[in-house]
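In what follows, a structure is listed as structure tokens, so that the remarks can point back to it.
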Amino acid sequence: MASVSHYFLLVLVFLDSHAAQLSCLPGCTCSEESFGRTLQCVSITLGKIPRKLPEEFKQVRIENSPLSELPRGSFITMSTLEYLWLNFNNLTVIHLGALEHLSELKELRLEGNKLRSVPWTEFRATPLLRVLDLKHNRIDALPELALQFLVNLTYLDLSSNRLTVVAKSVFLNWPAYQKHRQPGCETEILSSVMLALHDNPWLCDCRLRGLVQFVRSISLPVVLVNPYLMCRGPLSKAGQLFHETELSACMKPQISTPSANVSIRVGQNVTLRCLVQASPSPTIAWTYPLSKWREFDVLTSSPAEDAALSELVIPAAQLVDRGSYTCVASNSIGRSSCVISLHVQPAQAAPTLHSLFSTSEGNAYVDLRVVKQTVRGIVLEWFVAADTPEKWFTLYIGSDEARRKEVVHVGPGISTYLVDDLLPGTKYEVCLSLGRQPPRQGRCVVFVTGRDHGGLEGRERLLHTTVILCAVLLLVPVGAYVWAVQAPCSCREWGLRCCPHRRKAPRCPPAVPEHRDVSYRDHTAVCEDGLGHRGAEGEGDEERDVEGDS
């Protein structure tokens, strides 16, 4: 009889172990621990949390898997789960509702994942949570009330993340910290609150002043796992420990300038300066009316801590450069600006008969650019500023081999022009003048087209490869935007060596006006090839012989 009962017990044990194996996931192991049943899935290809996990588990450990997210209701059937370890996976996002029904959870370990942020309000569903391990993730910010629902937390690890600036109010608002700071708590036996903040790229400027003060004031029972927090930046503070760092209070940018009114003559160089006192370091920008057409170098330096000097360098100033230049500085605290007035006086010269009748032409500022390339041509754009605005412009378009230049009159309100059907392997020059004046030096652009590879596809390759490799601007327009690169062969030798089969004596290419958005900013000079010419419609047909290059 005793042997029968012993056999019956063995059968029960076998059935119980067999049922346990059935409830375990394939590739995982299940075991009985002192605190309850454990599921361990380590180094298996588990891409998501299995649905309807048995409620019997007290601990779930999924590690070294391609698990990338925790969707809503991931643990809906596991209301008795106490330990959740999801270390060294590929977790990038925790969705709202992912921790629902985990009211008994005590430990959540998420070490070595790729989390950039955490839905902190989710911890409202885990009031008993005591351990939250987030080290070795990519978290770069903590909201002010991030810890408000972690009431019973005793261990928080945020080390080895990407935190640069954190307000001290994040921890002052932490109920677990407040509970230990209440009067009379020193007489109670309370467990220490462990906090890990080391190995983050802390930016020690004024924004971190509060946290530095908080770290210095921390005392038992709150304990830093590693009290030696180190500054990563700015350069003047890099390598300093928090307890060695003195940080100033934050302040809105304050701008000063040596002179708010600057007067020079045409052709002189001038540098406009603004000195900015600010903390944290400001971003400085200059604005002025012709910033689209006239781009100047800006030099920025730091003469002292919490100070920045910005210099706008204007070489060979023109009359068109006169006006108001605004230095704008901004940081996280605020924004300030300072206006500098630049006065450019005409160069002194004895009046002549010619100057009496061509004042507007002589003082005019002309900027002519190639702003766009097409399969068969280029688009020109210009800006003109003169004391007496002209209603009409004249374009002179020609090639090296043409005996005459094409003369095209452009009406008022038009500032762009399409030059179409260009020949391959040819140097072109385009000049712009006011009214019907002949072209003046410094108001021209010169470009060279590449070789003809034949067909549309070949021309497109020509625009984007040959032009960049071979084209050189031979004329540097005064006051105009130019583009030039080293070429494997010079433009003067283009027809002899680079393009031996180019056509001879081509006709001047016609031009077609194009109305377009003048905000287009692709200022690359373009060379193009073409197969023929066609007449322009709606344009004046007057042509004039122009001797020389310009």
Side-chain angles (χ1 to χ4, degrees), residues 13-119 122-123 125-126 128-139 150 153-162 194 196 198-199 225-226:
V13 171
F14 172 78
L15 291 176
D16 183 65
S17 62
H18 183 65
Q21 291 177 357
L22 289 178
S23 63
C24 200
L25 295 176
C28 303
T29 59
C30 298
S31 60
E32 290 290 341
E33 305 293 340
S34 59
F35 51 80
R37 191 161 176 76
T38 297
L39 170 67
Q40 295 188 36
C41 303
V42 180
S43 300
I44 65 171
T45 56
L46 189 64
K48 60 181 181 180
I49 300 295
R51 288 290 183 181
K52 297 183 179 180
L53 285 172
E55 189 175 355
E56 61 192 33
F57 292 115
K58 293 292 185 180
Q59 182 186 52
V60 171
R61 181 179 176 184
I62 302 174
E63 296 181 346
N64 293 304
S65 75
L67 184 67
S68 61
E69 62 177 336
L70 293 183
R72 183 182 184 89
S74 295
F75 307 97
I76 193 170
T77 61
M78 307 190 72
S79 59
T80 61
L81 186 66
E82 296 181 6
Y83 305 93
L84 178 58
W85 293 11
L86 300 173
N87 300 318
F88 307 108
N89 297 302
N90 270 335
L91 282 175
T92 57
V93 60
I94 300 176
H95 294 279
L96 292 175
L99 303 181
E100 284 181 343
H101 308 287
L102 294 180
S103 58
E104 301 295 321
L105 191 65
K106 297 178 181 177
E107 282 191 19
L108 176 59
R109 297 185 180 270
L110 297 165
E111 177 184 357
N113 283 281
K114 299 178 181 178
L115 295 169
R116 300 184 68 92
S117 62
V118 175
E122 281 298 286
F123 297 116
T126 59
L128 302 182
L129 192 66
R130 300 180 65 83
V131 174
L132 178 58
D133 187 355
L134 293 167
K135 62 176 171 285
H136 290 289
N137 276 276
R138 302 176 181 179
I139 300 171
L150 298 171
L153 205 66
T154 59
Y155 181 83
L156 174 61
D157 197 335
L158 290 164
S159 63
S160 299
N161 276 276
R162 297 180 180 178
M194 306 296 293
H198 55 279
D199 293 335
V225 174
N226 184 347

**Report entry** Audit row: Arg116, Thr92, side chain to side chain contact (heavy atoms under 4.5 Å, CB included) steps and yes/no
**Finding:** CA-CA 7 Å; Arg116 300 184 68 92; Thr92 57; over 6 Å; no
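- When all heavy atoms of Glu33 and Thr38 are compared, the pair lying nearest together is CG-OG1, 3.2 Å.
- Within the model, atoms CG of Leu134 and OG of Ser160 stand 12.0 Å from one another, a figure rounded to the nearest 0.5 Å.
- Atom OG of Ser31 and atom CZ of Arg61 lie 10.0 Å apart (nearest 0.5 Å).
- Considering every non-hydrogen atom in both Glu82 and Leu105, the closest pair reads O-CD1, 3.5 Å.
- Interatomic distance, CG of Leu84 versus CD1 of Ile62, reported as 7.5 Å (0.5 Å rounding).
- Checked by atom type and distance alone, the side chain of Asn113 never pairs as donor or acceptor with a backbone atom of Asn137 at under 3.5 Å.
- At least one side-chain heavy atom of Leu108 sits less than 4.5 Å from a side-chain heavy atom of Leu99.
- Side chains of Leu70 and Ile94 form a contact here, defined as non-hydrogen atoms less than 4.5 Å apart.
- You'll find the side chain of Glu122 reaches within 4.5 Å of the side chain of Leu96, heavy atoms only.
- Side-chain contact between Asn226 and Ser159 is absent, with no heavy atoms from C-beta onward closer than 4.5 Å.
- Remark: side-chain polar atoms of Thr77 are paired, donor with acceptor, to backbone N or O of Leu53 under 3.5 angstrom.
- Of all heavy-atom pairs spanning Leu132 and Leu153, the tightest one is N-CD1, 3.8 Å.
- Contact detail for Leu102 and Met78: the closest heavy-atom pair is CD2-O, 3.3 Å.
- With rounding to the nearest 0.5 Å, the separation of CZ in Arg130 from CG in Leu156 is 14.0 Å.
- Residues Cys24 and Leu39 approach most closely at SG-CD1, 4.0 Å, considering heavy atoms.
- Using a 4.5 Å cut-off on side-chain heavy atoms (C-beta onward), Ile76 and Glu100 make no contact.
- Contact annotation: the side chain of Lys58 approaches that of Thr80 to within less than 4.5 Å [non-hydrogen atoms, C-beta and beyond].
- The line from OG1 of Thr126 to CG of Leu81 is 11.5 Å long, rounded to the nearest 0.5 Å.
- Taking the ring axis of Trp85 as reference, the NZ or CZ atom of Arg109 stays within 45° of it and closer than 6.0 Å to the ring centre.
- Smallest separation of non-hydrogen atoms from Pro71 and His95: CA-CD2, 3.6 Å.
- In this structure, NZ in Lys135 is found 10.5 Å from CG in Asn161, a value given to the nearest 0.5 Å.
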